[in-house]
Amino acid sequence: MALKTEPIAEQLELFGCIQCGKCTGGCPVARKTVLNIRSMIYSMLVEPELDVNAHPELWDCTSCFTCVERCPKDVRPAELIISLRGQLVESGRIPETIGAALMGIFRQGNPSGMAREDRAAWVNGTSVPVVSPPEIGGGRGGAGCETLYFVGCIPSYDPRVQVVPRALVRAFTAAGLDFGTLGTEESCCGNEVRRMGEAGLFEMLVEENGELIRSIGASRLVTTSPHCFNTFKNEYSLDGMEVLHYTQLIAELIEQGRLKFSHPPHLPGRPSPPELGGTEGRQGRITITYHDPCFLGKQNHIFDEPRAILAGLPGVKLVEMDRNRERSLCCEGGGGRMWTEGTNLEERLAFQRVHEAAETGAEVLAVACPFCLLTLEDAVKVQGLDDRLRVMDIMEIVDLAL
Amino acid sequence: MDRSKPSALVIGGGIAGIQAALDIADAGYEVYLVEREPSVGGRMAQLDKTFPTLDCSSCILTPKMVDVGRHPNIELMTYCEVVSVTPPSRGEPSWSPSPSPEGGDEGGVFRVRVRKKPRYVDVKKCTGCGLCAEACRMKGRVISRFDEGIVKRSAIYVPFPQAVPLKYTVDPTACLYLTLGVCGKTFLCKEACPADAIDFEQQEEFVDLEVGAIIVATGFDLIDPRTKPEFGYGVYPEVMTGIEFERLSSASGPTMGEIIVNGKEPKDIVFIKCVGSRDPHTGVPYCSRVCCMYTAKHAHLVRDKIPDARITVFYIDVRAFGKGYEEFYDRVKHERVIYRRGEPAEVYRRGDKVVVLAEDTLLGKPIEVEADLVVLATAIVPRSDVADVATLLGLKRSSDGFFQEVHPKLRPVDTSLDGVFLAGCCQGPKDIPDTVAQAKAAASSAMGILTRLEKDRPA
């Protein structure tokens with residue numbers, strides 16, 4: 001499909017590009033596939049047309065936005081990929097699995113196409129307050145809440161991730177937080193939808209979710225996933241509602257003394273560490289390293305709160321991987337990559353990442369993102385590191401110390 | 001000094017201030033040269049060689065420093081700061097200095113108050129022998145800013161051996177007595193001083209001046225490379241800034257010019273240009289103008305000292321616009337320095353090396369270059385106290401943060417204040433030749449005013 005380049009170059013203001021290559025140089029997938037966003041921008045500027053079908057690597061981008069963060073000239077290279085994906089979405093020439101994910105979101109409000117009425121099944125007996133807009137009058141009879149907890153699709157449906165919202169709810173309850181969820185009324189936030197190029201569906205979700213969330217009248221919105229957090233914070237307009245990732249809220253509750261750890265986290269299958277001051281290693285303190293999710297760290301500059309939570313746990317020693325904070329390596333779970341493999345199936349950044357984690361000597365690779373949890377845990381198994389490294393969400397660890 | 005003649009104030013004792021002061025003083029006018037550091041010299045004193053001629057920087061600068069130190073028409077006021085300036089308030093400028101500061105507001109005269117910070121050393125007695133610094137309990141424990149933190153000095157110090165004046169100064173932020181109120185049972189520095197020059201009773205003093213013209217030559221800072229965290233500055237000892245490399249390479253520097261990183265001679269050296277420059281995100285949308293040439297010079301110095309080194313320069317554009325510059329760039333390339341086009345994206349650790357990750361945009365593919373030393377050409381930025389100085393003098397600043405000249409083409413050293421002129425990097429990034437040229441222009445403009453004031457002087 002030959003695409004006229006000029007309108008896109010104008011719309012995305014690509015003319016300021018100085019072709020410095022910082023985008024492609026730092027692009028984590030450019031090292032394993034032919035994706036070269038710098039050269040694609042150049043083509044958009046100097047060629048009259050671009051054949052988008054000739055670039056299957058457009059689906060390799062994880063929308064980690066390293067290129068956007070580092071571009072000295074505000075060109076926002078990843079937005080070109082999103083725009084070109086949009087052209088492919090419109091023409092229907094997209095990977096089948098991407099189409100299925102988008103259809104699932106359209107029909108059931110989640111990319112796995114699971115039944116909408118099962119969205120709250122993750123609670124599994126835990127008592128979770130559900131709030132609804134006043135005119136519906138369900139849940140608490142329209143009473144609303146101070147903090148609205150947005151669970152997200154993967155945490156709602158994926159059995160591996162469901163433990164995370166359950167742990168969060170226990171922590172919220174322990175801290176005496178006035179919170180509620182949307183129950184089965186919750187729908188996909190659309191963060192990945194936009195990045196897969198489905199601008200129309202994204203707009204619809206923003207409108208519907210925005211209206212529902214605003215109607216609750218909560219002062220804060222907290223999310224499990226950095227992806228939901230990112231779009232609510234930066235791409236919705238929620239009438240001044242404060243949007244938080246859960247690591248920010250938990251760090252705040254700890255800081256305020258509302259959440260207290262009673263003992264070191266009792267990791268299943270691991271001898272309990274002696275109380276503070278024990279020797280390090282298997283029998284001593286638990287050594288944890290933390291992987292910064294792209295949507296939390298690079299894109300939203302939240303680096304300290306997750307570390308503060310982990311470092312504050314009794315009997316825990318936090319160690320850093322060489323590439324941390326702004327230099328964290330993408331796990332390849334974003335931008336629709338949970339639903340499509342990309343052009344290089346053999347090399348996975350998650351493989352490299354779990355080796356980096358193992359090199360620190362840590363027993364636990366802590367994450368704060370459902371996608372990172374799944375991709376990195378899978379990588380640990382495939383790389384045969386599961387006898388020495390376990391991947392856990394920060395909330396799983398916190399839950400074991402409460 | 002002859003108070004019957006109008007005089008000038010030069011603020012800043014780098015090469016710009018030194019040159020301006022010398023020109024005005026040579027013309028027969030009195031000059032007060034105020035420098036906040038204990039010595040004149042500024043940034044140029046920190047440099048090793050200078051491009052493109054490879055003159056040793058201190059060899060060409062030191063004679064000028066000595067000249068300002070002993071010029072009969074220059075009153076050198078080091079370790080001093082201008083604290084207030086009252087511009088002429090009315091009428092046509094004319095030179096009629098008042099007998100006292102309360103004497104009124106005669107036209108044409110700037111009233112300037114200068115704070116003399118206590119050195120805690122009597123400069124009349126100090127011979128610069130250095131026995132105090134040898135004896136200091138803090139010896140080897142205080143970061144030397146002149147040496148960019150590569151070595152540590154004592155709490156009593158001269159910034160560098162060629163300092164003018166060669167007088168010791170007690171660092172009030174590091175001296176145990178001045179910070180904690182106690183330094184052992186006895187003062188080791190006082191005991192060591194054969195001239196009895198150390199005086200902890202010294203207080204700050206204020207000096208009031210009346211001048212007919214002011215030249216602002218307050219220089220520049222370099223951006224903190226941590227604002228570009230992807231390069232790992234502050235994380236890896238192998239990553240340093242260009243100015244740190246100057247100290248490392250300087251024959252009078254802490255390693256006597258030996259390039260040593262992590263205790264050994266680096267073999268793989270990578271230079272990264274445009275670190276912070278040309279980047280509106282860091283607040284530096286402009287080109288810093290000197291990095292292309294000093295990086296070429298650095299590459300040459302490495303080749304000179306480490307003949308078998310593998311040297312890579314990453315660039316976006318090469319700007320070699322001055323006299324002899326393109327020729328120097330050609331020369332360096334012939335010295336087997338590999339220029340690769342692309343701005344590196346990241347630096348990370350691999351074993352005992354660091355890896356520079358980039359796209360070679362001419363190859364069109366991402367590459368990794370392993371390095372023992374990475375030198376960042378950091379952006380030139382306005383001095384951190386630029387806003388205070390602007391308020392003090394009533395100067396305007398341009399959108400880049402530097403002091404603004406009245407007209408970018410036709411009045412390049414004038415400010416919106418009559419009688420106040422700009423010289424050097426306080427007006428914007430520039431190299432030494434341009435700085436000296438601008439200093440001479442500012443001196444010439446100032447002398448025009450001084451001459452007029454002298455002619456109009458009431459009999």
Side-chain angles (χ1 to χ4, degrees), chain A residues 13 16-43 57 60 64-77 292 297-298 301 303 320-330 344 347 349 352-353 355-356 359-360, chain B residues 223 225-236 238-239 270 272-288 314-319 340-369 379:
Chain A
E13 296 178 52
C17 175
I18 58 169
Q19 290 286 303
C20 69
K22 188 134 187 157
C23 46
T24 297
C27 172
V29 293
R31 300 156 72 195
K32 45 170 275 192
T33 82
V34 299
L35 180 66
N36 186 326
I37 184 61
R38 193 263 319 149
S39 128
M40 207 166 265
I41 291 171
Y42 193 60
S43 298
E57 75 274 14
D60 292 348
C64 72
F65 272 44
T66 306
C67 54
V68 176
E69 287 302 306
R70 293 186 184 158
C71 172
K73 298 295 182 189
D74 269 337
V75 173
R76 304 182 66 78
D292 290 279
K298 277 193 201 87
H301 310 284
F303 300 111
E320 292 285 355
M321 288 180 270
D322 173 52
R323 300 180 73 178
N324 59 56
R325 298 173 75 95
E326 292 92 344
R327 297 182 296 133
S328 175
L329 184 64
C330 175
N344 179 342
E347 296 170 65
L349 300 175
Q352 188 187 331
R353 193 57 170 164
H355 282 289
E356 290 175 7
E359 274 168 29
T360 65
Chain B
I223 200 167
R226 292 177 192 85
T227 55
K228 307 295 284 178
E230 63 267 32
F231 293 129
Y233 180 88
V235 179
Y236 307 121
E238 293 92 337
V239 181
V270 171
I272 301 179
K273 298 208 279 185
C274 299
V275 173
S277 300
R278 308 173 68 190
D279 186 345
H281 285 256
T282 57
V284 185
Y286 51 86
C287 165
S288 288
F314 280 104
Y315 70 100
I316 308 174
D317 300 288
V318 175
R319 293 172 176 173
R340 300 192 81 164
R341 194 188 174 283
E343 180 66 5
E346 210 163 297
V347 176
Y348 48 85
R349 165 78 58 208
R350 180 179 295 152
D352 62 352
K353 300 240 180 193
V354 289
V355 178
V356 178
L357 182 66
E359 185 201 5
D360 183 321
T361 61
L362 299 180
L363 290 177
K365 67 179 188 193
I367 54 163
E368 285 182 337
V369 178

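Throughout, protein chains are lettered first and strands after them, A, B, ... in sequence-line order, and every chain is numbered starting at 1. What you see is a predicted model; the values in this text were computed from it and never measured.
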Peer 1: State whether B:Glu343 and A:Arg70 are salt-bridged, where the test is any N-O pair (Lys NZ or Arg NE/NH1/NH2 against Asp/Glu carboxylate O) under 4.0 Å.
Peer 2: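 Salt bridge between B:Glu343 and A:Arg70, a charged N being under 4.0 Å from a carboxylate O: no.
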Peer 1: Quick check for you: to the nearest 0.5 Å, what is the distance between B:Glu359 atom CD and A:Thr24 atom OG1?
Peer 2: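 The CD atom of B:Glu359 sits 4.5 Å away from the OG1 atom of A:Thr24.
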Peer 1: By the definition side-chain contact (heavy atoms from CB on, under 4.5 Å), identify the one residue from A:Arg327, A:Glu326, A:Lys22 that meets it with B:Glu346.
Peer 2: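 Looking at A:Arg327, A:Glu326, A:Lys22, the match for B:Glu346 under the side-chain contact (heavy atoms from CB on, under 4.5 Å) is A:Arg327.
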Peer 1: What part of B:Pro280 lies closer than 4.5 angstrom to a heavy atom of chain A: side chain, backbone, both or neither?
Peer 2: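 Answer is both: backbone and side chain atoms of B:Pro280 are under 4.5 Å from chain A.
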Peer 1: Of all the heavy-atom pairs spanning A:Asp74 and B:His281, show the shortest one and how long it is.
Peer 2: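 For A:Asp74 and B:His281, the tightest heavy-atom pair comes out as OD1-NE2, 2.7 Å.
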Peer 1: What are the two closest non-hydrogen atoms of B:Thr361 and A:Gly21, and how far apart are they?
Peer 2: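 Heavy-atom minimum between the residues: CG2-CA, 3.7 Å.
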Peer 1: Can you tell me which of A:Arg323, A:Gln19, A:Glu69 forms the most heavy-atom pairs within a distance under 4.5 Å of chain B?
Peer 2: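 Looking at each of A:Arg323, A:Gln19, A:Glu69 in turn, A:Arg323 comes out on top.
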Peer 1: Does A:Glu13 have more than 12 heavy atoms from other residues, nucleotides or ligands lying within 6.0 Å of its CD?
Peer 2: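 No.
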Peer 1: So which heavy atom on A:Gly25 is nearest to which on B:Ala345, and how close?
Peer 2: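 A:Gly25 and B:Ala345 have their closest heavy atoms at C-CB, 3.4 Å.
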Peer 1: Would you mind checking which part of A:Asp322 comes under 4.5 Å of any heavy atom in chain B, side chain (CB onward), backbone (N, CA, C, O), both or neither?
Peer 2: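 Both backbone and side chain.
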Peer 1: Can you say whether B:Val347 sits under 4.5 Å from chain A via the side chain, the backbone, both, or neither, judging by heavy atoms?
Peer 2: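 The backbone, not the side chain.
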Peer 1: Looking only at atom types and distance, does a side-chain atom of A:Lys73 sit under 3.5 Å from a main-chain N or O of B:Arg278, one as donor and one as acceptor?
Peer 2: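 Side chain of A:Lys73 to backbone of B:Arg278: a pair is present.
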